[in-house]
**Q** 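I'd like to ask you about the structure that follows.
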Amino acid sequence: MVYSGAVDRIIGRPPPVTGDVVLVADGTEKPIGWGLYNSVSMFCVRLMQLEDEALRDPSCALNVERLLEIRIIAAAALREQLGLPSANKNAYRLVNSEGDRLSGLIVDIFGDEAVVASSAAWVEKYQEQIKVCISKINHINHVTWRPSIDILKEEGLNLSDSRGVDLSNSPKLVKVVENDILYLVSLEGQKTGFYADQRENRQYISSISEGQKVLDICCYTGGFALNAASGGALSVTGVDSSSSAINIAKENIVLNNLDSGMISFVKDDATHFMKTAIAEGNSWDIVILDPPKLAPSRKVLQSASGMYRNLNSLAMQITRRGGLLMTCSCSGAMTQSGMFLRVLQGAATMAGRKMTVIRQAGAGCDHPIDPSYPEGEYLSNVLLRVL
């Protein structure tokens, strides 16, 4: 990634326009690599190949179509190494932006459906070529395109008048399996429709839920709650403010032949639900708190820290003493700041509780991270014992 402030000058007339292939050189004009230019973004050039790579594999040099094909094939091969897809798992991330060396491109797979989340101008420019590459993967029959409209505005693209999610050739709902649990996924839902990044963390909840009373706050379509029920929980309650998500969660109960007397989903605001539970003296053995992104950027980190602290303070108060709280942040700014544990300690003080850290985790193995782009690490998942 080359930031706009790092560019001394642009050589060539006429100057490049957004989406053009450009060469990047150092101050002595020695080549560094090549990438895709953006005239308005803070990411002036998204580097696609360094100079030494281009020399080793000249077939991809300055050739976006060929590079796309090679990188998407490599991404699919990596997932195959990781056992994805399999008979009991067919929801996973195929391309993870910088982690698969395709900055701005995310591809999630749900059965035979691929969902593309586009957050870079070059991805929009090469939309058709990307669809062709994805369609060549054996089990993929449909490709749904989901541009990240707000992020693309920062890339100089105004897609606010477009339909957004293109479902012209795809179903609105697809059925997937993860860890032997069935889910309905709405292709019009949040993000790409399903949070594959929490797969291993959901499975962990299943392994510790037997005989426990479990609460899943901000449950979306019931991922953690269904795993708890599958793991033998005594009772499970899921809470979310989205009517459409709750409706799908309820359908997922039926889909998995679970006892509706043991697992239920409630539409409510997380803060309101927890305050009511505190007032009524209710508590749970295991509480999961997985709120939406509260710190979309470092600029709002301080105010977001307060929101995380308040939510976690409430969550600790409804976790029985000696019980477990699995709390999450999907805000890259929070995760990269290293402040999350301090925020949780502040929440414990506010709640009049003590906490110990039992487990720390992040996104699943199908979400690789490039060490040279640490901003790709966004998910924090912390299991606490609350005393």
Side-chain angles (χ1 to χ4, degrees), residues 178 181 183-186 189-206 209 213-229 233 235-253 263-278 282-296 300 303-319 323-335 340 343-344 347 351 361-363 378-384 386:
E178 178 192 272
I181 296 173
Y183 297 87
L184 287 175
V185 174
S186 170
Q190 297 171 18
K191 299 293 185 179
T192 59
F194 187 74
Y195 294 98
D197 51 3
Q198 292 273 29
R199 183 192 311 105
E200 281 87 349
N201 300 320
R202 286 191 283 262
Q203 190 170 32
Y204 185 81
I205 283 292
S206 177
S209 291
K213 185 181 174 186
V214 180
L215 174 65
D216 183 4
I217 296 284
C218 304
C219 67
Y220 190 42
T221 57
F224 283 106
L226 293 165
N227 274 269
S235 70
V236 182
T237 303
V239 180
D240 201 276
S241 61
S242 166
S243 296
S244 57
I246 288 294
N247 290 337
I248 293 175
K250 290 177 178 178
E251 290 187 62
N252 286 336
I253 295 176
I263 178 171
S264 62
F265 291 100
V266 178
K267 180 189 178 298
D268 201 351
D269 171 74
T271 298
H272 177 264
F273 181 92
M274 289 191 286
K275 285 184 175 179
T276 302
I278 292 167
N282 295 327
S283 64
W284 285 262
D285 302 309
I286 299 174
V287 176
I288 300 108
L289 176 63
D290 187 12
K293 184 186 291 186
L294 300 179
V300 297
S303 61
S305 295
M307 289 187 279
Y308 278 115
R309 185 172 57 251
N310 293 340
L311 282 171
N312 279 281
S313 174
L314 294 173
M316 289 178 187
Q317 292 174 69
I318 57 174
T319 303
L324 301 175
L325 169 62
M326 177 177 277
T327 183
C328 312
S329 168
C330 62
S331 300
M334 174 59 72
T335 294
F340 196 42
V343 169
L344 296 177
Y378 66 94
L379 180 64
S380 295
N381 180 295
V382 181
L383 184 68
L384 303 173
V386 179

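Values in this document were obtained by computation on a predicted structure and should not be read as measured data.
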**Q** Looking at Y378 and A363, what are the two nearest heavy atoms and their distance?
**A** OH-CB, 4.2 Å

**Q** Taking only residues two or more places apart in sequence, or in another chain, which ones meet S380 in a side-chain hydrogen bond (donor to acceptor under 3.5 Å, both in side chains)?
**A**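 Listed in chain order: T335.
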
**Q** Under a 3.5 Å distance rule, please check whether S331 uses its side chain to pair with a backbone N or O of L294 as donor and acceptor.
**A**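 Between the backbone of L294 and the side chain of S331 there is a qualifying donor-acceptor contact (under 3.5 Å).
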
**Q** Taking salt bridge (Lys or Arg N to Asp or Glu O under 4.0 Å) as the definition, give me every residue that meets it alongside D285, ordered by chain and number, with sequence neighbours left out.
**A** R320

**Q** Who passes side chain to side chain contact (heavy atoms under 4.5 Å, CB included) against A333, sequence neighbours left out?
**A** A295, R298, L301

**Q** With side chain to side chain contact (heavy atoms under 4.5 Å, CB included) as the test, pick out the partner of T327 among L311, L384, V343.
**A** L384

**Q** Quick one: does any side-chain atom of K275 pair with a main-chain N or O of L314 as donor and acceptor, under 3.5 Å?
**A** no

**Q** State the CG-OG distance between L344 and S313, to the nearest 0.5 angstrom.
**A**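 One gets 11.0 Å once the value is rounded to the nearest 0.5 Å.
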
**Q** What closest approach, in Å, do A229 and V236 show between heavy atoms, and which atom pair accounts for it?
**A**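 Looks like N-CG2, 3.9 Å.
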
**Q** Which residue pairs satisfy the salt bridge (charged side-chain N to carboxylate O under 4.0 Å, His left out) criterion with at least one member in residues 189-199, sequence neighbours excluded?
**A**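 Listed once each, the pairs are R199-D366.
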
**Q** Distance check, rounded to the nearest 0.5 Å: D240 atom CG versus I246 atom CD1?
**A**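 The CD1 atom of I246 is 5.0 Å from CG of D240, to the nearest 0.5 Å.
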
**Q** Under the ring-ring contact (aromatic ring centres under 6.0 Å, His included) test, which residues partner Y183, sequence neighbours left out?
**A** F194

**Q** Using the side-chain hydrogen bond (donor to acceptor under 3.5 Å, both in side chains) criterion, which residues pair with Q203? Sequence neighbours excluded.
**A** none

**Q** Walk me through whether L184 and T221 qualify under side-chain contact (heavy atoms from CB on, under 4.5 Å).
**A** CA-CA 8 Å; L184 287 175; T221 57; over 6 Å; no

**Q** Tell me, please, which residues at least two apart from D268 pass side chain to side chain contact (heavy atoms under 4.5 Å, CB included).
**A**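 Expected list: V239, V266, H272, F273.
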
**Q** Tell me whether N201 contacts the main-chain N or O of G362 through its side chain, where contact means a donor paired with an acceptor under 3.5 Å.
**A** yes

**Q** Please give me the minimum heavy-atom distance between Y308 and S329, naming the atom from each residue.
**A** OH-OG, 3.0 Å

**Q** Can you check whether S209 reaches N227 side chain to side chain, under 4.5 Å on heavy atoms?
**A**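 Not touching, per the 4.5 Å side-chain cut-off.
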
**Q** Of all residues at least two apart in sequence or in a different chain, which pass the side-chain hydrogen bond (donor to acceptor under 3.5 Å, both in side chains) check with Q190?
**A** Y195

**Q** Who passes ring-ring contact (aromatic ring centres under 6.0 Å, His included) against Y204, sequence neighbours left out?
**A**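 If we apply the ring-ring contact (aromatic ring centres under 6.0 Å, His included) test to Y204, skipping adjacent residues, there are no hits.
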
**Q** Holding to side chain to side chain contact (heavy atoms under 4.5 Å, CB included), I want the full list of residues that pass it with P292, two or more places apart in sequence or in another chain.
**A** C218

**Q** Do F265 and N252 come close enough that some side-chain heavy atom pair is under 4.5 Å?
**A**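 Contact flag for F265/N252 side chains = no.
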
**Q** Find the distance between CD1 (I253) and CD1 (I248) and round it off to the nearest 0.5 Å.
**A** 13.0 Å

**Q** At what distance, to the nearest 0.5 angstrom, does CG of D216 lie from CG of L226?
**A**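 Between D216 CG and L226 CG, I get 8.5 Å after rounding to 0.5 Å.
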
**Q** Compare every heavy atom of S243 with every heavy atom of K267, then report the nearest pair and how far apart it is.
**A**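 It is CE-OG, 2.8 Å.
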
**Q** Test side-chain contact (heavy atoms from CB on, under 4.5 Å) on N282 and I318; report intermediate values, then the result.
**A** CA-CA 6 Å; N282 295 327; I318 57 174; over 6 Å; no

**Q** Testing the basics here: between M316 and A347, what is the closest heavy-atom pair and its distance to 0.1 Å?
**A** SD-C, 3.9 Å

**Q** Please name the pair of heavy atoms, one in Q317 and one in A351, separated by the smallest distance, quoted to 0.1 Å.
**A** CG-CB, 3.7 Å

**Q** Run the side-chain hydrogen bond (donor to acceptor under 3.5 Å, both in side chains) test against T319 and tell me which residues pass, sequence neighbours left out.
**A**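 T319 satisfies side-chain hydrogen bond (donor to acceptor under 3.5 Å, both in side chains) with no residue once adjacent residues are dropped.
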
**Q** Nearest 0.5 Å please: distance from the CG atom of L289 over to the CG atom of L215.
**A** 9.0 Å

**Q** Which residues satisfy the side chain to side chain contact (heavy atoms under 4.5 Å, CB included) test with D290, sequence neighbours excluded?
**A** Q198, F224, C328

